[in-house]
Asker: 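Quick one: this structure, given as structure tokens, is what I'll be asking you about.
When reading the values below, keep in mind they use all heavy atoms of this one structure, side chains included, and skip hydrogens, waters and symmetry mates. As the structure is a computational prediction, the values presented were derived from the model and not from experiment. Throughout, protein chains are lettered first and strands after them, A, B, ... in sequence-line order, and every chain is numbered starting at 1.
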2 protein chains.
Amino acid sequence: MDSIDTRILHALQRDSSRPVADLANELGLSASACHRRIKSLEASGIIAGYSARLSRRKMGFNLLVFVEITLRSQERSVLDGFEAAVRAAPDILECHLTSGQADYTLRVVARDMDDYDRIHRDCLAALPDVSSMHTTFALRPIKFWQGYPVR
Amino acid sequence: MDSIDTRILHALQRDSSRPVADLANELGLSASACHRRIKSLEASGIIAGYSARLSRRKMGFNLLVFVEITLRSQERSVLDGFEAAVRAAPDILECHLTSGQADYTLRVVARDMDDYDRIHRDCLAALPDVSSMHTTFALRPIKFWQGYPVR
DNA sequence: AGCTTTGCGCAAGATTGTTGCGCTGATATT
DNA sequence: AATATCAGCGCAACAATCTTGCGCAAAGCT
């Protein structure tokens with residue numbers, strides 16, 4: 001992991017669709033050398049995969065919501081049951097066990113308030129052993145996810 | 001945007017590196033038809049781009065932190081100044097203006113507690129007009145981001 | 001029915017990814 | 001100091017994939 005690898009990671013996080021030769025010559029490297037470095041980063045697992053980034057707005061998801069959930073108990077079986085339900089719910093995009101007041105922090109998107117109401121009723125309120133729920137709406141994106149820092 | 005487009009989006013969010021021909025024949029389509037659909041989704045902006053997904057752990061970022069920040073005032077100039085500072089800070093991965101107690105919610109990663117201490121001092125505490133800060137650590141990932149739902 | 005539009009598959013050609021080979025420079029070994 | 005070993009590079013050929021023009025067929029419209 002030298003400074004060239006770093007620059008490769010930086011570039012590929014931003015745009016993985018451009019030809020290796022392009023990237024290579026931006027780095028003052030031959031295409032084959034660059035290609036082999038990329039393959040090696042993939043093999044090591046640092047590059048976990050490649051994805052298409054979709055536009056949330058163009059997809060019609062106008063609402064981004066963070067939901068904090070506290071459970072009724074901390075028994076292992078309760079946590080396991082809750083987590084399994086979360087993983088099975090397609091409307092829950094992301095979930096972390098967290099420190100602080102709440103137990104879990106979730107990320108959810110919805111088309112509009114009606115849609116969020118549906119998700120709230122059918123998905124969130126259906127999760128097992130929830131004691132309390134705290135909802136935060138994202139009003140405006142200030143800075144979008146653009147990958148991890150790679151100095 | 002029919003059901004074929006939907007399945008294309010679903011597949012490309014998971015893995016955008018496989019040959020179009022593969023995907024095409026999974027969908028019972030010719031490679032050229034599939035290719036043209038993809039290009040059209042790109043042109044419409046629904047597909048915003050392609051990225052490499054990096055492994056947070058393999059990158060050495062053992063800490064994932066959510067930070068809620070409240071500002072001293074709601075004057076336009078204060079908000080603007082704060083937001084500009086956030087955008088300029090490489091350690092802040094994501095930031096949203098949010099409803100609720102706090103004004104902003106940030107996402108940050110760090111290598112370890114020492115590193116987080118550095119970020120806290122040099123980056124977060126250096127943001128202008130912060131009145132209060134509330135930190136939440138992610139203890140364990142329950143569900144990872146895997147793209148938007150595309151029924 | 002006739003016309004237009006849309007989306008398809010086929011196939012050729014252009015682009016990009018992939019790999020064997022030999023070279024060089026750095027480091028280790030005697 | 002001389003030699004051996006190794007990692008990483010560029011070149012060039014080859015393979016895989018992308019891209020596009022063309023003709024066809026089904027669906028919508030007048």
Asker: Identify which nucleotide among D:dG10, C:dT18, C:dC8 has an atom closest to any side-chain atom of A:A33, counting heavy atoms from C-beta outward.
Answerer: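 Between D:dG10, C:dT18, C:dC8, the one nearest the side chain of A:A33 would be D:dG10.
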Asker: Tell whether A:R36 reaches the base of C:dG17 with its side chain through a donor-acceptor pair below 3.5 angstrom.
Answerer: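 Answer no: no donor N or O sits under 3.5 Å from an acceptor.
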Asker: Is B:R111 positioned over the aromatic face of B:F61, cation under 6.0 angstrom from the ring centre and no more than 45 degrees off axis?
Answerer: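 Because its charged atom sits under 6.0 Å from the ring centre and within 45° of the axis, B:R111 does stack over B:F61.
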Asker: Please give, in whole Å, the distance from C:dC8 P to B:N25 CG?
Answerer: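 Between P of C:dC8 and CG of B:N25: 15 Å.
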Asker: From CZ of A:R37 over to P of D:dG8, roughly how many Å is that when rounded to an integer?
Answerer: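 Value for this atom pair: 7 Å.
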Asker: For B:R121, does the CZ atom sit with more than 12 other heavy atoms under 6.0 Å from it, leaving out its own atoms?
Answerer: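 Enclosed: over 12 neighbouring heavy atoms sit under 6.0 Å from CZ of B:R121.
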Asker: Could you give the CG-to-P distance, from B:L23 to D:dT19, as a whole number of Å?
Answerer: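 Rounded to whole Å, this separation is 14 Å.
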Asker: Side-chain donor-acceptor pair under 3.5 Å between B:N62 and B:R57, yes or no?
Answerer: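 Looking only at side-chain atoms, B:R57 and B:N62 do form a donor-acceptor pair, the distance falling under 3.5 Å.
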Asker: Assign each of A:P19 and B:C34 to its nearest nucleotide of DNA chain C by heavy atoms, then name whichever residue's nucleotide is nearer the 5' end.
Answerer: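 Nearest-nucleotide comparison on DNA chain C picks B:C34.
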Asker: OP1 or OP2 of D:dC18 less than 4.0 angstrom from a side-chain nitrogen or oxygen of B:H35, does that happen here?
Answerer: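 B:H35 to D:dC18 OP1/OP2: no side-chain N or O under 4.0 Å.
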Asker: Given side chains that start at C-beta, do those of B:L124 and B:L106 come closer than 4.5 Å, heavy atoms only?
Answerer: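 With C-beta onward as the side chain, the pair touches.
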Asker: A:R18 has an atom CZ; how far is it from atom P of C:dT16, in whole Å?
Answerer: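 Distance, rounded to whole Å: 12 Å.
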Asker: Write down the distance between CG (A:D2) and P (D:dA7), rounded to a whole number of angstrom.
Answerer: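 Nearest whole value for this atom pair: 15 Å.
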Asker: Between B:D5 (CG) and C:dT6 (C1'), how many Å, whole number?
Answerer: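 Rounded to whole Å, this separation is 13 Å.
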Asker: Could you tell me how far apart A:L29 (CG) and D:dC11 (C1') are, to the nearest whole angstrom?
Answerer: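 The answer, rounded to whole Å, is 13 Å.
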Asker: Do A:S32 and D:dC11 share a donor-acceptor pair, side chain to base, under 3.5 Å?
Answerer: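 When only heavy-atom distances are counted, A:S32 does reach the base of D:dC11 through a donor-acceptor pair under 3.5 Å.
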Asker: In this structure, how many angstroms lie between the P atom of D:dT17 and the CG atom of B:D15, rounded?
Answerer: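 The distance from CG of B:D15 to P of D:dT17 comes to 13 Å, rounded to the nearest Å.
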